[in-house]
Amino acid sequence: MASSVPGPLALPDSRWNLSTYWGRVRHCAEISDPSMLFTTDADLQRARGIISSYRNGELKSTTSEFWNAKRQLDSTVHPDTGETVLLPFRMSCCVLSNLVVTAGMLTPNLGTMGTLFWQWANQSVNVAVNSANANKSHPMSMSQLATNYTAAVTASCGVAIGLNKVVPKLKGIKPHTRLILGRLVPFAAVVTAGVVNVFLMRGNEIKKGISVYDQEGQELGKSKRAAMMAVGETALSRVINATPIMVIPPLLLVRLQRGLLRGKSLGWQTAANLGIIAATSFTVLPLALAVFPQRQAIHLNRLERELRGDHDEHELVYFNRGM
């Protein structure tokens, strides 16, 4: 993010009003815009120069060039480290990175091996995205990463396989209802494992705390309470994001298979599935990301007493929530 560029002057958070939900939606639509994937190293270097000029008082106003530079950095660079996030794991690539995996999970009648493969693939992508975008106050070791990854995959596959065995045995329900429940098994697995995934991958933050900053960007210290809020909100946003993507497409596909797609080949059905998932994902991602601010504000009196020092306990301080 642009905040990783140093300078004595504070940056405006966005051209939009981030204190409102719709302001955050418009902001998140910008940083998740797939066109940002075409940002080059030269573009980033130029963007850093523009932001640096503003933070050092050389650029006096927020021009369209300034906002474009900030948008490029916000969608490409990690706010804590200033390093470029690997392309497949940027928020601007989220829909494209998950499209094939989501379509695979929502494919009807996968069988045990197919279910295991796609749940594993989905959790692998999730772990990579979580790790790449997590708050970097406490980097995770490779052994911790491997342990947490294994736990997330186990949770995902366990829920999916377990429900696939339970749903066909349910009694007293209509065949159509059983069909719908079967199509929603991936949703239950993804939501359960997604929450487990976030808490496991970012457990270090909860144990040790994350960096908290004053209004001038000076670090006040580490806060476990801020970390718990950051990780909890991120987990909830993953549930909010997954719900329409994992619910709307399978329900629509069931309806289409009884009408427009009836008798059509597997190729047509797969294309329709991908199209529905892509349309839903592009629409929903900014709405989900905007539920909680990326740069979260909190009153100092809600955090640990040792962070207060000479500051007013009612002062607003800030932390990076991570994604």
Does [Y] offer a backbone N or O that forms a donor-acceptor pair with the side chain of [X] under 3.5 Å?
X    : Y    : answer
S97  : C94  : no
N98  : T102 : no
D43  : T40  : yes
R55  : L9   : yes
E304 : R225 : yes
S237 : T234 : yes
N68  : S64  : no
R90  : V85  : yes
D33  : S35  : yes
S75  : Q72  : yes

side-chain contact (heavy atoms from CB on, under 4.5 Å) assessment of K70 paired with I50
CA-CA 9 Å; K70 187 175 186 302; I50 294 170; over 6 Å; no
Reported [atom1]-to-[atom2] distance for the pair [X] and [Y], which is rounded to 0.5 angstrom:
X    : Y    : atom1 : atom2 : result
L106 : I248 : CG    : CD1   : 11.5 Å
T280 : I245 : OG1   : CD1   : 7.5 Å
L18  : R295 : CG    : CZ    : 10.0 Å
I276 : L253 : CD1   : CG    : 5.5 Å
W118 : S156 : CH2   : OG    : 13.0 Å
Q257 : L252 : CD    : CG    : 11.0 Å

Quick one: hydrophobic cluster around F292, which other residues, with the 4.5 Å side-chain cut-off, linked directly or via members?
Y21, W22, V25, L236, I240, L287, V291
Does any part of the side chain of [Y], heavy atoms only, come nearer than 4.5 Å to the side chain of [X], both counted from C-beta?
X    : Y    : result
R24  : P293 : yes
F66  : S53  : no
M229 : F319 : yes
L316 : H299 : yes
V239 : V195 : yes
T177 : L170 : no
V317 : L307 : no
L116 : W120 : no

Shortest non-hydrogen contact from [X] to [Y]?
X    : Y    : value
H78  : A132 : CD2-O, 3.2 Å
P286 : S32  : CG-OG, 3.9 Å
Y54  : A10  : CE2-O, 3.6 Å
L99  : A278 : CD1-N, 3.8 Å

Begin with the C-alpha distance, continue with both residues' side-chain angles, and end with the deciding distance and a verdict on side-chain contact (heavy atoms from CB on, under 4.5 Å) for L181 and I173.
CA-CA 10 Å; L181 291 175; I173 60 175; 4.0 Å; yes
Looking at E65 and R46, is there a salt bridge between them, counting it only when a charged N and a carboxylate O are closer than 4.0 Å?
yes
Is it the case that atom CD in Q45 sees more than 12 heavy atoms from other parts of the structure closer than 6.0 Å?
no
Answer yes or no: does atom CZ of R178 have more than 12 heavy-atom neighbours from other residues, nucleotides or ligands under 6.0 Å?
yes
Just by distance, no angles: are the side chains of T270 and N273 close enough, under 3.5 Å, to form a donor-acceptor pair?
no
